[in-house]
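Here the structure comes first, spelled out in structure tokens, and everything after it is commentary.
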Amino acid sequence: MLKKERQERILTLLEEDFFLTNTEIANKLGVSEMTIRRDVTELANNQKVKKLYGGVERKEPYNRELSTQEKIDTNVEEKKYIGQIMNSIIQDHSTIYVGAGTTILYALPFIQKKNLFVITNSLIAFNYLKNHTQYRILLTGGEFSPVTEEFIGEVAERSFERLNVDISFAATNGIFENNVTTAQFIEGGIQNAALNAAKIKCVVADYSKLNKSDIYTFRNLSEFDYLITDNKISDEDFNHYSKYTKLLKEPKNDHYDYDESIH
């Protein structure tokens with residue numbers, strides 16, 4: 001791969017992820033880390049990226065958030081697997097919140113509990129639940145975001161003021177160290193409102209979203225009861241992120257007890 005092609009690929013990768021380590025880029029491009037460090041240095045000197053210790057981030061603080069449709073075909077099997085884990089920790093007759101994003105969208109068909117009351121700010125999640133389940137559904141109000149196909153803002157957040165939620169499942173664009181991140185602060189606001197109303201707080205992220213950061217940290221990972229991921233997570237990442245919260249990478253048995261979930 002020629003230098004120009006490598007550097008263009010680095011810029012493309014940074015359109016998808018705000019921050020990447022040199023190791024991640026080297027693995028994706030199949031070249032040495034030394035080569036990537038040289039490319040990153042040259043790109044930084046040309047004011048195209050911001051060079052950081054051990055990695056690189058986009059030069060501009062915000063370029064463009066990928067739409068739901070652009071993400072729809074990414075890591076589908078991993079997202080379906082996450083749905084099985086989510087189902088295993090939900091009890092019948094529960095009130096749950098599901099956030100926006102394709103991870104939760106692919107997870108929804110695997111939620112098979114009885115008599116759920118599902119709250120969401122995601123239009124595509126609402127449409128799936130309306131057409132394929134008999135659950136009670138509450139779709140928040142708020143300002144509609146055509147990029148993420150969700151309702152956001154103060155009106156959406158106020159929907160949770162008098163609600164008592166058993167489990168909230170939040171989505172994320174990336175988790176880096178103790179930071180759970182998203183592209184826009186307002187997108188994190190609605191999820192924080194749902195998490196604050198919940199007895200059990202979960203964030204869902206397939207393995208590819210670990211060690212990556214988007215622009216805004218909307219909550220610390222240590223404030224969640226669970227990080228739900230898939231079984232492709234490396235042992236190194238599992239051990240690393242277990243320092244902050246409890247990780248679930250396998251479905252629990254059907255006799256799950258809420259009282260055992262808070263650590």
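Basis for what follows: all heavy atoms, side chains included, without hydrogens, waters or symmetry-related copies.
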Would you say [X] and [Y] make side-chain contact, with heavy atoms under 4.5 Å?
| X | Y | value |
| --- | --- | --- |
| L20 | K212 | yes |
| E187 | Q191 | no |
| Y135 | I111 | yes |
| L52 | E57 | yes |
| L116 | R136 | no |
| L221 | L227 | yes |
| C202 | I167 | yes |
| F224 | L195 | yes |

Is a donor from one side chain sitting under 3.5 angstrom from an acceptor on the other, for [X] and [Y]?
| X | Y | answer |
| --- | --- | --- |
| S222 | N178 | yes |
| E150 | T148 | yes |
| N179 | T181 | no |
| S122 | E149 | no |

Near-ring test F19/F176, centroid separation under 6.0 angstrom: yes

Aromatic centroids of F160 and Y97 separated by under 6.0 Å: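 Ring centres of F160 and Y97 closer than 6.0 Å.
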
If we check side-chain contact (heavy atoms from CB on, under 4.5 Å) with [X], which of these qualifies: [options]?
| X | options | answer |
| --- | --- | --- |
| T95 | V118, N164, I119 | I119 |
| K51 | V56, T41, L43 | T41 |
| N211 | E24, E236, E177 | E24 |

Geometric cation-pi criterion K249 and F238, 6.0 Å radius, 45° cone: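 Output yes; distance and angle both within limits.
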
Does [X] share a hydrophobic cluster with [Y], counting links as ILVMFWY side-chain heavy atoms below 4.5 Å and allowing steps through other members?
| X | Y | answer |
| --- | --- | --- |
| I90 | I228 | yes |
| L248 | L108 | yes |
| L138 | V98 | no |

Residue pair V49, L14: steps toward the side chain to side chain contact (heavy atoms under 4.5 Å, CB included) verdict: CA-CA 9 Å; V49 300; L14 288 171; 3.7 Å; yes

If you look at every heavy atom in [X] and [Y], which pair is closest and at what distance?
| X | Y | result |
| --- | --- | --- |
| P251 | I85 | N-CG1, 3.8 Å |
| A156 | T140 | CB-OG1, 3.9 Å |
| V155 | G141 | CG1-C, 4.1 Å |
| D225 | I200 | OD2-CA, 3.4 Å |
| G99 | T120 | O-OG1, 4.4 Å |
| I186 | E157 | O-OE2, 4.4 Å |

Contacts of E42 that satisfy side chain to side chain contact (heavy atoms under 4.5 Å, CB included) - sequence neighbours left out: K3, Q7, N46

For [X], I'd like to know if atom [atom1] has over 12 heavy atoms of other residues, nucleotides or ligands within 6.0 Å.
| X | atom1 | answer |
| --- | --- | --- |
| R6 | CZ | yes |
| E143 | CD | no |
| Y216 | OH | no |

Parallel, tilted or perpendicular: rings of Y244 and Y241 (30°, 60°): tilted

F144 and F151 aromatic ring geometry - parallel, tilted or perpendicular at 30°/60° bounds: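 Aromatic pair F151/F144 classed tilted.
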
Sidechain N-carboxylate O distance under 4.0 Å for K113, D92: no

Pairing of E223 and K201 as salt bridge, 4.0 angstrom limit: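 Looking at E223 and K201, the cut-off is not met.
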
Side chain to side chain donor-acceptor pair (under 3.5 Å) partners of N115, counting only residues at least two apart: H93

Criterion ring-ring contact (aromatic ring centres under 6.0 Å, His included) on F185 and F218, from CA distance to verdict: CA-CA 7 Å; F185 184 79; F218 70 90; 9.5 Å; no

Residues L29, I36; criterion side chain to side chain contact (heavy atoms under 4.5 Å, CB included); working and verdict: CA-CA 9 Å; L29 301 189; I36 295 303; 4.0 Å; yes

F169 vs I89, side chain to side chain contact (heavy atoms under 4.5 Å, CB included): CA-CA, chis, key distance, verdict: CA-CA 11 Å; F169 297 99; I89 68 170; 3.9 Å; yes

Side chain to side chain contact (heavy atoms under 4.5 Å, CB included) assessment of I175 paired with K209: CA-CA 6 Å; I175 299 174; K209 291 182 178 178; 5.8 Å; no

